[in-house]
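Here's the structure we're looking at; comments come further down.
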Number of protein chains: 2
Amino acid sequence: MYKEKDEHIGIYTSHTIKAIIRFLTTELKQFDITPEQWIVLKRLAANDGITQKELAVLADKDRPSITRILDILEQKELARKEKHHTDRRSFSVFITPRGIELKNQLLPFLEDVYEDRILKDITDEELEVYRRVLEKMNRNIEGV
Amino acid sequence: MYKEKDEHIGIYTSHTIKAIIRFLTTELKQFDITPEQWIVLKRLAANDGITQKELAVLADKDRPSITRILDILEQKELARKEKHHTDRRSFSVFITPRGIELKNQLLPFLEDVYEDRILKDITDEELEVYRRVLEKMNRNIEGV
DNA sequence: CTAAAATAGTTTCTATACTAACTATATACT
DNA sequence: AGTATATAGTTAGTATAGAAACTATTTTAG
């Protein structure tokens with residue numbers, strides 16, 4: 001573990017994440033939603049009525065991505081946009097009843113997918129170290 | 001660490017990887033290459049003359065992605081394709097002198113980027129656990 | 001040996017990220 | 001007040017992943 005960190009950490013992390021996203025995409029197909037759309041819906045459910053910009057920050061998306069993903073969520077009638085009352089540049093975004101219903105299904109579903117499948121046989125101690133490494137990497141490259 | 005694994009593991013991992021890829025993209029800009037193109041060039045350097053299909057497997061890309069990325073590497077004169085001698089459906093892919101030169105620069109450069117910056121202040125013990133968690137997650141979702 | 005199936009690679013389509021340019025509106029400066 | 005700057009959101013262009021359809025060739029089966 002002392003050498004070739006590009007290979008053993010960088011490229012292997014990249015491989016694993018792609019596999020997880022592929023796995024989640026497959027699991028979520030039955031709900032007709034992608035993992036990225038899910039993150040936006042989840043943030044929206046917890047912060048109903050916020051602006052696109054605020055939603056972008058919370059969902060870790062840039063503004064073009066939020067525009068695109070909200071278009072899709074609107075098509076699927078999971079979210080809707082209203083003109084902001086005081087700032088005519090902005091939109092307020094709301095989750096629909098259908099969106100709430102889906103969120104209520106997906107929250108426990110995804111907890112189970114992680115608990116029982118993706119993270120099976122991984123101890124809490126290992127997960128704590130794993131999470132700490134992520135935090136350190138984030139801090140190391142912060143502001144870039 | 002016992003609950004909300006979708007949030008604390010899934011979404012946070014996704015955030016971190018995006019930040020790392022953004023960081024690497026910025027670092028590699030001076031070499032006019034992206035992280036994904038780098039993986040392909042690296043595998044090609046270690047396996048000169050293999051077919052696109054073999055390269056796709058080694059670089060963890062699907063066939064359309066390899067087609068696209070090789071187009072770019074050819075444009076940049078880092079790789080070239082030749083018709084396969086015995087199987088006329090295939091191409092053999094070769095790295096160019098320019099590609100070799102770039103690889104010789106990037107291999108140590110990226111080792112340093114990981115060692116000195118991305119993984120700064122992360123112990124070998126932590127990295128071993130981190131890598132083990134990745135391996136377990138990979139095994140858990142294998143074949144999906 | 002010929003027809004069917006498999007394989008290598010490309011192209012097209014959808015979804016995503018990111019940059020840059022653009023429109024419309026709001027805020028700040030003088 | 002009027003101009004300059006900043007902000008919210010959209011659109012367009014490049015790079016990537018993945019699915020599906022397609023072409024050309026090879027392999028397999030009968």
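If you're wondering where the values come from, they're calculated on a predicted model, not measured in any experiment. Reminder, nothing fancy here: chain letters follow the sequence lines and each chain counts from 1.
Among dA17(C), dT25(C), dT10(D), the nucleotide with an atom closest to any side-chain atom of Ile69(A) is dA17(C). In this structure, the nucleotide among dT16(C), dT16(D), dT10(D) sitting nearest to the side chain of Arg68(A) is dT16(C). With dT19(C), dA26(C), dG9(D) as the candidates, the nucleotide lying closest to the side chain of Pro64(A) is dT19(C). Counting only heavy atoms from C-beta on, Phe91(B) has its side chain closest to dG9(C) among dG9(D), dA17(D), dG9(C).
Between Tyr130(A) and Tyr130(B), the ring planes are parallel. Angles under 30° get that label, and only those over 60° would be called perpendicular.
When the P atom of dT16(D) is taken as reference, atom CD1 of Ile17(A) falls 19 Å away, rounded to whole Å. Residue Leu70(A) contributes atom CG, which lies 11 Å from atom P of dT16(C) at whole-angstrom precision. What separates CD1 of Ile50(A) from P of dA8(D) is a distance of 13 Å, to the nearest Å. Following rounding to the nearest Å, His84(A) (NE2) and dG9(D) (P) show an atom-to-atom distance of 9 Å. One interatomic measurement links the two molecules: CD of Gln37(B) to P of dA15(D), which rounds to 7 Å at whole-angstrom precision. The interatomic distance linking Ile39(A) (CD1) with dT16(C) (C1') rounds to 11 Å, in whole Å. For the pair Asp62(B) CG and dT10(C) P, the computed distance is 12 Å after rounding to whole Å. Between Arg22(B) atom CZ and dT16(C) atom P the separation is 17 Å, expressed in whole Å.
At a threshold of 4.0 angstrom between heavy atoms, the contacts of Ser14(B) with the nucleic acid are absent. As judged by a 4.0 angstrom heavy-atom cut-off over every strand, Ile72(A) is placed among residues touching the sugar-phosphate backbone only. At the heavy-atom level, Thr34(B) lies under 4.0 Å from the strands shown only through sugar-phosphate atoms. Within the 4.0 angstrom heavy-atom criterion, only backbone atoms of the sugar-phosphate kind lie near Lys81(A); the bases stay farther away. No contact: Ser92(B) has no heavy atom under 4.0 Å from any strand.
Remark: the backbone N or O of Ile118(A) is not paired with any side-chain donor or acceptor of Lys5(B) at under 3.5 angstrom.
Note: the hydrophobic cluster containing Phe91(A) does not contain Ile95(A) (ILVMFWY, side chain heavy atoms under 4.5 Å, direct or indirect links). Ile39(A) and Leu41(A) fall into different hydrophobic clusters, where Ile, Leu, Val, Met, Phe, Trp and Tyr residues are linked whenever their side-chain heavy atoms come under 4.5 Å apart, directly or through other members.
Side-chain N/O atoms of Lys53(B) include none lying less than 4.0 angstrom from OP1 or OP2 on dG9(C). Dashed line: the shortest gap from a side-chain N or O of Ser65(B) to OP1 or OP2 of dA17(D) is under 4.0 Å. At the phosphate of dA17(C), OP1 or OP2 sits under 4.0 Å from a side-chain N or O atom of Lys61(A). Distances shorter than 4.0 Å separate none of the side-chain N or O atoms of Arg88(A) from OP1 or OP2 on dA24(C).
The residue among Arg63(A) and Arg89(B) whose nearest nucleotide of DNA chain D lies closer to the 5′ end is Arg63(A).
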Could you tabulate the donor-acceptor pairs under 3.5 Å formed by side-chain atoms of residues 66-75 of chain B, not counting sequence neighbours?
unit_1: Thr67(B); atom_1: OG1; unit_2: Arg63(B); atom_2: O; d: 3.2
unit_1: Arg68(B); atom_1: NH2; unit_2: Ser65(B); atom_2: OG; d: 3.1
unit_1: Glu74(B); atom_1: OE2; unit_2: Lys81(B); atom_2: N; d: 3.4

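Using a 4.0 Å cut-off between charged side-chain N and carboxylate O, Glu135(A) and Arg139(A) make no salt bridge.
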